[in-house]
Amino acid sequence: MRTLSTPSPALICPPNLPGFQNGRGSSTSSSSITGETVAMVHAPPPTRLTHPLIRLASRPQKEQASIDRLPDHSMVQIFSFLPTNQLCRCARVCRRWYNLAWDPRLWRTIRLTGETINVDRALKVLTRRLCQDTPNVCLMLETVTVSGCRRLTDRGLYTIAQCCPELRRLEVSGCYNISNEAVFDVVSLCPNLEHLDVSGCSKVTCISLTREASIKLSPLHGKQISIRYLDMTDCFVLEDEGLHTIAAHCTQLTHLYLRRCVRLTDEGLRYLVIYCASIKELSVSDCRFVSDFGLREIAKLESRLRYLSIAHCGRVTDVGIRYVAKYCSKLRYLNARGCEGITDHGVEYLAKNCTKLKSLDIGKCPLVSDTGLECLALNCFNLKRLSLKSCESITGQGLQIVAANCFDLQTLNVQDCEVSVEALRFVKRHCKRCVIEHTNPAFF
């Protein structure tokens with residue numbers, strides 16, 4: 001008869017934390033390492049003895065706890081709100097909780113956080129337990145989130161790739177020890193992966209299949225990666241050639257975030273548009289080499305593009321804005337903060353062509369004045385969020401025109417703008433749900 005086991009809370013709690021020592025006595029295996037997180041496996045809690053003679057000799061049983069009166073389906077519903085570490089703790093309370101805590105419906109997601117966690121060992125122990133009914137394969141697990149776990153290495157990702165073929169979402173942001181090879185293993189062995197977040201993983205320079213997978217799937221392997229959402233924010237070493245490879249392999253991309261990928265240029269955006277024609281959301285904020293030529297390439301996405309962030313792209317001017325406004329008529333969100341080359345002419349062209357715009361950030365654009373705001377107010381009636389932070393040429397008159405036409409405005413940022421208290425009160429009267437961010441101490 002096989003004895004089941006459950007991962008200990010020590011998977012995600014340092015062994016010297018208060019309250020942990022009480023649970024150590026029931027472990028069947030332990031680690032003598034101190035000062036770090038360890039992974040251990042525990043047997044299920046023992047069943048209470050039910051022999052009548054033993055019952056007579058034992059102390060009177062305590063009244064049943066209120067929570068124990070809940071039916072199983074209610075308990076499972078409660079457990080569904082717990083993070084992975086707390087779920088492991090619940091599995092050690094009693095046999096009933098043990099069986100409920102390992103209900104397959106509760107293990108579609110694993111979430112681990114913390115800089116000191118031994119994530120590699122935790123993932124190995126958890127996946128081994130989840131694979132007991134289907135040896136070597138964990139069919140129910142669809143989401144793994146280990147963001148901020150700096151001790152995660154390629155070994156942990158390889159465990160996921162080997163055991164979780166049904167994985168759909170993987171978030172490893174801030175795990176800077178993982179490399180291209182580990183990411184290649186995941187995307188090659190998890191064909192259903194749709195959401196990948198590797199932001200802050202500075203060693204990742206590309207997303208592609210392994211060489212073995214490429215040979216096996218050739219010549220169609222370029223279309224085999226099903227990723228639709230990719231976040232590579234702060235992947236500082238990503239270059240145009242890497243973006244070319246990503247675009248060629250991830251042709252189904254709809255959401256792509258490349259914030260602070262400072263080595264990218266307009267050439268990389270050209271590759272992106274050639275292969276990924278379905279992109280709806282794109283961020284190239286703080287990519288200092290992106291210019292009007294890059295926006296001309298982005299404009300080829302046409303009406304499919306709904307979200308665009310080009311914040312602090314200092315080489316962008318009215319010319320690039322005109323390209324986007326002309327061809328991307330269904331744009332809903334534009335962040336152009338810090339693009340100092342944008343003037344009233346660019347804002348006017350944007351307002352007249354992208355009339356469904358709901359969110360606009362043109363903060364730190366000193367050449368935008370009340371003239372541009374007037375064009376915006378008379379064309380974009382659905383505007384809900386507007387940021388004019390540090391726009392030196394904006395006055396209260398421009399704000400009043402916006403408030404008189406954009407009744408649905410919900411957020412207005414006028415920090416470091418020379419606007420009067422009367423203008424702010426006018427906005428509040430006409431846009432009653434609007435939250436105003438300002439630096440005027442006289443307005444409250």
Side-chain angles (χ1 to χ4, degrees), residues 279-285 292 295 298-299 301-311 313 316-415 417 419 423-424 426-438:
I279 290 183
K280 297 179 181 179
E281 296 192 9
L282 175 64
S283 175
V284 289
S285 298
D292 293 333
L295 264 62
I298 292 174
L301 295 170
E302 298 181 343
S303 60
R304 294 178 293 275
L305 188 66
R306 303 298 178 89
Y307 172 109
L308 177 63
S309 179
I310 51 173
C313 294
V316 171
T317 67
D318 288 343
V319 176
I321 295 297
R322 286 173 68 95
Y323 278 122
V324 172
K326 182 178 180 179
Y327 295 102
C328 305
S329 58
K330 294 185 179 180
L331 194 68
R332 300 289 193 274
Y333 175 102
L334 176 64
N335 183 356
R337 174 176 292 195
C339 298
E340 298 182 355
I342 297 177
T343 70
D344 289 335
H345 297 293
V347 175
E348 178 182 357
Y349 205 85
L350 179 70
K352 290 182 178 180
N353 289 272
C354 301
T355 57
K356 297 182 179 180
L357 202 65
K358 292 186 176 181
S359 179
L360 177 64
D361 188 341
I362 47 176
K364 299 183 179 180
C365 295
L367 301 180
V368 176
S369 68
D370 293 343
T371 304
L373 282 188
E374 183 177 357
C375 294
L376 189 67
L378 296 177
N379 291 276
C380 301
F381 304 110
N382 297 320
L383 200 64
K384 296 182 181 297
R385 298 177 181 85
L386 178 63
S387 177
L388 305 169
K389 182 178 181 180
S390 301
C391 288
E392 303 169 355
S393 302
I394 297 295
T395 69
Q397 182 179 356
L399 292 185
Q400 290 178 4
I401 297 175
V402 170
N405 292 273
C406 303
F407 302 109
D408 293 331
L409 197 65
Q410 297 177 1
T411 303
L412 175 64
N413 189 338
V414 289
Q415 293 177 334
C417 294
V419 293
L424 295 177
F426 184 91
V427 173
K428 199 63 180 176
R429 283 198 304 270
H430 286 74
C431 306
K432 299 186 181 301
R433 293 187 298 173
C434 183
V435 176
I436 304 176
E437 301 177 46
H438 62 92

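Computed over heavy atoms, backbone and side chain alike; hydrogens, waters and symmetry mates excluded.
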Q: Would you name the heavy atoms of Cys391 and Cys365 that are closest together and state the gap between them?
A: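 Answer, listing the atom of Cys391 first, then Cys365: SG-O, 3.9 Å.
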Q: With sequence neighbours excluded, give me every salt bridge (charged side-chain N to carboxylate O under 4.0 Å, His left out) pair touching residues 380-395.
A: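 Of all non-adjacent pairs touching residues 380-395, none passes salt bridge (charged side-chain N to carboxylate O under 4.0 Å, His left out).
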Q: Ser285 and Ser309: side-chain donor and acceptor closer than 3.5 Å?
A: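 Looking only at side-chain atoms, Ser309 and Ser285 do form a donor-acceptor pair, the distance falling under 3.5 Å.
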Q: Holding to side-chain hydrogen bond (donor to acceptor under 3.5 Å, both in side chains), I want the full list of residues that pass it with Ser359, two or more places apart in sequence or in another chain.
A: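 Partners of Ser359 under the side-chain hydrogen bond (donor to acceptor under 3.5 Å, both in side chains) test: none.
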Q: Let me confirm one number: the SG-CG distance from Cys434 to Leu409, rounded to the nearest 0.5 Å.
A: 4.0 Å
Q: Can you confirm whether Thr411 sits close enough to Leu386 that some side-chain heavy atom of one is under 4.5 Å from a side-chain heavy atom of the other?
A: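 Thr411 vs Leu386: side chains apart.
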Q: Has the side chain of Asn413 got a donor or acceptor atom that lies under 3.5 Å from a matching backbone atom of Gln415?
A: yes
Q: Passes side chain to side chain contact (heavy atoms under 4.5 Å, CB included), Val414 versus Ile436? Steps please.
A: CA-CA 7 Å; Val414 289; Ile436 304 176; 4.1 Å; yes
Q: Which pair of non-hydrogen atoms, one from Ala423 and one from Gly396, has the smallest distance, and what is that distance?
A: CB-CA, 3.5 Å
Q: Not counting sequence neighbours, which residues clear side-chain hydrogen bond (donor to acceptor under 3.5 Å, both in side chains) with Asn379? List them please.
A: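 Asn379 satisfies side-chain hydrogen bond (donor to acceptor under 3.5 Å, both in side chains) with no other residue.
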Q: Between Pro366 and Glu340, which heavy-atom pair has the shortest distance, and what is it?
A: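 What the structure gives for the nearest pair is CD-CG, 4.1 Å.
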Q: Does Asp344 have any side-chain hydrogen bond (donor to acceptor under 3.5 Å, both in side chains) partners at least two apart in sequence or in another chain, and if so, which?
A: Ser369
Q: Take Asn382 and Leu357 through the test side chain to side chain contact (heavy atoms under 4.5 Å, CB included) and record every step on the way to the result.
A: CA-CA 7 Å; Asn382 297 320; Leu357 202 65; over 6 Å; no
Q: With sequence neighbours left out, write down each residue that passes side-chain hydrogen bond (donor to acceptor under 3.5 Å, both in side chains) with Asn405, or none if nothing qualifies.
A: none
Q: Taking ring-ring contact (aromatic ring centres under 6.0 Å, His included) as the definition, give me every residue that meets it alongside Phe426, ordered by chain and number, with sequence neighbours left out.
A: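 Expected list: His430.
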Q: Holding to side-chain contact (heavy atoms from CB on, under 4.5 Å), I want the full list of residues that pass it with Arg433, two or more places apart in sequence or in another chain.
A: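 side-chain contact (heavy atoms from CB on, under 4.5 Å) list for Arg433, sorted by chain: Asp408, Gln410.
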Q: Which atom names give the shortest non-hydrogen contact between Gly372 and Val347, and what distance separates them?
A: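 Where Gly372 meets Val347 most closely, the heavy atoms are O-CG1, 3.5 Å.
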Q: Take Val402 and Leu412 through the side chain to side chain contact (heavy atoms under 4.5 Å, CB included) test and state the conclusion after the steps.
A: CA-CA 10 Å; Val402 170; Leu412 175 64; 5.8 Å; no
Q: Is there a side-chain contact between Leu424 and Val419, using heavy atoms and a 4.5 Å cut-off?
A: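 Counting from C-beta outward, Leu424 and Val419 do come under 4.5 Å.
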Q: Counting only heavy atoms not in Arg322 (residues, nucleotides, ligands), do more than 12 fall under 6.0 Å from its CZ?
A: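 Check fails, neighbour count at 12 or below.
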Q: Using the ring-ring contact (aromatic ring centres under 6.0 Å, His included) rule, collect all pairs that involve residues 317-347, keeping only residues at least two apart or in two chains.
A: Tyr307-Tyr333
Q: Scan residues 357-374 for pairs that pass salt bridge (charged side-chain N to carboxylate O under 4.0 Å, His left out), counting only residues two or more places apart or in two chains.
A: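 Passing the test, one end in residues 357-374: Arg337-Asp361.
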Q: Do any side-chain atoms of residues 348-356 form donor-acceptor pairs under 3.5 angstrom with protein atoms, and if so which ones, sequence neighbours left out?
A:
{"residue": "Glu348", "atom": "OE2", "partner": "Lys352", "partner atom": "NZ", "Å": "2.9"}
{"residue": "Asn353", "atom": "ND2", "partner": "Tyr349", "partner atom": "O", "Å": "2.8"}

Q: Do Ile401 and Leu373 pass the side chain to side chain contact (heavy atoms under 4.5 Å, CB included) test, and can you show the C-alpha distance, the side-chain angles, and the key distance before you say yes or no?
A: CA-CA 8 Å; Ile401 297 175; Leu373 282 188; over 6 Å; no
Q: Within the structure provided, determine whether Leu399 and Leu388 are in side-chain contact (heavy-atom separation under 4.5 Å).
A: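 Contact flag for Leu399/Leu388 side chains = yes.
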Q: For the backbone of Leu301 and the side chain of Arg304, can you confirm whether one donor and one acceptor N or O come within less than 3.5 Å of each other?
A: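 Yes; judged by distance alone, with no hydrogens or angles, the pair exists.
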Q: Count the heavy atoms of every other residue, nucleotide or ligand shown that sit under 6.0 Å from CD of Glu302, and state whether that count exceeds 12.
A: yes
Q: Roughly how far, to the nearest 0.5 Å, is SG of Cys339 from CD1 of Ile342?
A: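 Going from CD1 on Ile342 over to SG on Cys339, the span is 4.5 Å.
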Q: Please round to the nearest 0.5 Å and tell me the distance separating atom CD of Glu281 and atom CZ of Arg306.
A: 10.5 Å
Q: Does Leu367 have any side-chain contact (heavy atoms from CB on, under 4.5 Å) partners at least two apart in sequence or in another chain, and if so, which?
A: Thr343
Q: Do Asn335 and Leu308 have side chains that get closer than 4.5 Å, going by heavy atoms?
A: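 No, too far: nothing below the 4.5 Å cut-off.
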